[in-house]
Protein chains: 2
Amino acid sequence: MARTAYHHGDLQQQVHDQALAVVREHGDSAISLRALAKQIGVSAPALYRHFADRESLLAELAISGFEALRQRLLQVKHTPPRQALIGIGLAYVRFAQDEPNLYRLMFGGQVLPRGVHPRLDDAGKAAFQVLEDTVERARHSGYLKPMPLALMTATAWSLVHGLSQLTIDGHLPNADAEPHLAEGITSLLLEGAIADTNRATDNNEDSP
Amino acid sequence: MARTAYHHGDLQQQVHDQALAVVREHGDSAISLRALAKQIGVSAPALYRHFADRESLLAELAISGFEALRQRLLQVKHTPPRQALIGIGLAYVRFAQDEPNLYRLMFGGQVLPRGVHPRLDDAGKAAFQVLEDTVERARHSGYLKPMPLALMTATAWSLVHGLSQLTIDGHLPNADAEPHLAEGITSLLLEGAIADTNRATDNNEDSP
DNA sequence: TGCCAATGTTAACACCGTTAACTTATAGCG
DNA sequence: CGCTATAAGTTAACGGTGTTAACATTGGCA
């Protein structure tokens with residue numbers, strides 16, 4: 001029932017893929033169910049067999065986005081705390097820069113308020129979890145000050161999210177002239193978060 | 001020609017105000033030119049005498065938002081660097097929390113890409129300028145490390161913007177349980193930014 | 001006073017999301 | 001193997017949208 005081809009093969013997947021391509025190229029405001037259906041060669045109401053409404057489709061795409069983000073973050077090595085933290089921050093920002101339209105859909109807020117679509121919320125939390133785990137490891141290893149975990153992760157997330165959003169929307173004019181901005185920012189934050197025992201011992205360890 | 005009342009008084013202002021109210025209450029996606037015109041008691045095409053299209057109206061509203069944000073930031077006192085920095089960060093986040101829908105319009109990115117509407121860009125820069133001036137004062141006074149100004153302001157803006165966006169979209173679950181989150185986050189960043197000479201001398205000066 | 005330009009009007013076009021009512025093809029079962 | 005329930009598609013239609021064209025009206029000014 002779910003695997004074999006009905007009239008058109010699995011429309012659900014086809015719509016999902018096509019819509020994802022449109023979002024990545026032109027943003028979520030360019031998504032039109034009718035246009036999507038016409039492109040695929042199916043009538044518009046057919047889509048309603050697979051998606052409750054336009055918002056649900058967008059939510060599904062946002063879920064894909066969070067899963068892709070999570071995969072990116074998971075690829076960051078666990079090696080020394082400082083590299084791991086900077087690495088995951090860079091990976092996060094780079095994802096946003098690579099997929100600005102998708103990222104905007106994920107965090108647009110206007111699209112879907114939290115609590116409406118549980119699977120979307122879970123996908124977001126799962127991505128955030130990777131970041132939190134990295135911070136927790138660094139903290140547990142004694143590299144970071146023994147501050148509340150929630151405070152540290154919230155700080156880290158705020159920083160990378162804010163930087164992502166500001167850069168992809170062009171609010172930071174000299175972002176191109178300063179390619180190491182993300183790294184500098186992350187380092188700057190770390191200065192305040194590392195334990196005093198680690199101070200001055202690892203500032204230049206990434207450039208041997 | 002611009003001041004006296006024509007057929008309906010100054011429609012421009014009336015549309016602007018009404019639209020701003022709608023955005024603040026229901027978000028920019030709830031803006032409908034036809035509905036707006038009907039509410040005001042005028043035909044829909046009449047609006048096109050004052051706004052090129054829907055996007056231009058939204059841009060105008062975003063400009064108002066940036067000006068309101070700027071006013072908020074300007075009210076922060078200049079007194080000691082640490083208080084000024086934390087104060088302006090809190091004021092920024094509080095604005096976003098007070099006007100979530102307006103804030104989303106301003107930074108939605110989907111609404112208007114930079115470069116299209118010069119006045120909108122200028123309004124954004126003007127608001128950002130207040131933040132930059134505060135950082136510059138703190139840096140010039142020797143309170144902060146002598147790092148590049150662009151780096152410091154980008155960091156500060158990223159942090160407060162990220163925190164704003166994440167909280168108003170409900171991504172930080174325990175935001176309510178932690179009302180001092182914004183202050184804690186700002187302090188954490190400051191730890192990494194203050195000059196060593198100022199370290200440990202001002203951590204508790206705000207609670208005498 | 002008479003004209004021009006600013007400001008409004010109605011009618012219409014081409015979309016859009018969504019629902020209702022109907023048709024078709026498939027999967028599973030007696 | 002044939003039948004039927006149902007999943008998956010169809011067309012027609014409703015109400016809404018932004019936007020443009022063509023026309024009407026009003027007010028300020030020469």
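Here is the naming used below: chain letters follow the sequence lines, and residue numbers restart at 1 for every chain. Nothing here was measured: the structure is a model prediction, and the numbers come from that model. When reading the values below, keep in mind they use all heavy atoms of this one structure, side chains included, and skip hydrogens, waters and symmetry mates.
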Separation of C:dG17 C1' from A:L36 CG (nearest whole Å) = 13 Å

key: For atom CZ of B:R49 and atom P of D:dA21, their distance in whole Å   = 11 Å

query = Hey, mind stepping through A:D10 and A:Q14 against side chain to side chain donor-acceptor pair (under 3.5 Å) and telling me if it holds?
reply = CA-CA 7 Å; A:D10 48 357; A:Q14 209 167 336; over 6 Å; no

task = Measure the distance from CD on A:Q12 to C1' on D:dA7 and round it to the nearest whole Å.
result = 13 Å

ask   = Taking the six-membered ring where the residue is Trp, are the ring centres of A:F128 and B:H171 under 6.0 Å apart?
value = no

request  = Tell me, please, which residues at least two apart from A:F51 pass ring pair (Phe, Tyr, Trp, His ring centres under 6.0 Å).
outcome  = none

key: CA sep, side-chain torsions, deciding dist, call: B:L102, B:V23, side-chain contact (heavy atoms from CB on, under 4.5 Å)   = CA-CA 6 Å; B:L102 192 52; B:V23 164; 4.3 Å; yes

query = Do any side-chain nitrogens or oxygens of B:H50 fall under 4.0 Å of OP1 or OP2 in C:dA6?
reply = no

request  = Take atom NZ of A:K38 and atom P of C:dG17, then tell me their distance rounded to the nearest Å.
outcome  = 12 Å

Which side-chain N or O atoms in residues 60-74 of chain B pair as donor and acceptor under 3.5 Å with protein atoms at least two apart or in another chain?
| unit_1 | atom_1 | unit_2 | atom_2 | d |
| --- | --- | --- | --- | --- |
| B:E60 | OE2 | B:R119 | NH1 | 2.8 |
| B:E60 | OE2 | B:R119 | NH2 | 2.6 |
| B:S64 | OG | B:H16 | NE2 | 2.8 |
| B:S64 | OG | B:E60 | O | 3.4 |
| B:R72 | NH1 | B:D98 | OD2 | 3.3 |
| B:R72 | NH2 | B:D98 | OD2 | 2.8 |

Return the polar atom pairs (N/O with N/O) between nucleotides 18-20 of chain D and the protein under 3.5 Å, or none.
| unit_1 | atom_1 | unit_2 | atom_2 | d |
| --- | --- | --- | --- | --- |
| D:dG18 | OP1 | B:L33 | N | 2.7 |
| D:dG18 | OP2 | B:L33 | N | 3.1 |
| D:dG18 | OP2 | B:R34 | N | 3.0 |
| D:dG18 | N7 | B:R34 | NH1 | 2.6 |
| D:dG18 | O6 | B:R34 | NH1 | 2.5 |
| D:dT19 | OP2 | B:Y48 | OH | 2.9 |
| D:dT19 | OP2 | B:R54 | N | 2.8 |
| D:dT19 | O5' | B:Y48 | OH | 3.2 |

ask   = To the nearest angstrom, how far is B:F51 atom CZ from C:dG8 atom P?
value = 11 Å

message = What is the separation between atom CG on B:L47 and atom P on C:dT7, rounded to the nearest whole Å?
response = 13 Å

request  = Measure from the side-chain N and O atoms of A:Q18 to the backbone N and O of A:I40, and report whether any donor-acceptor pair falls under 3.5 Å.
outcome  = no

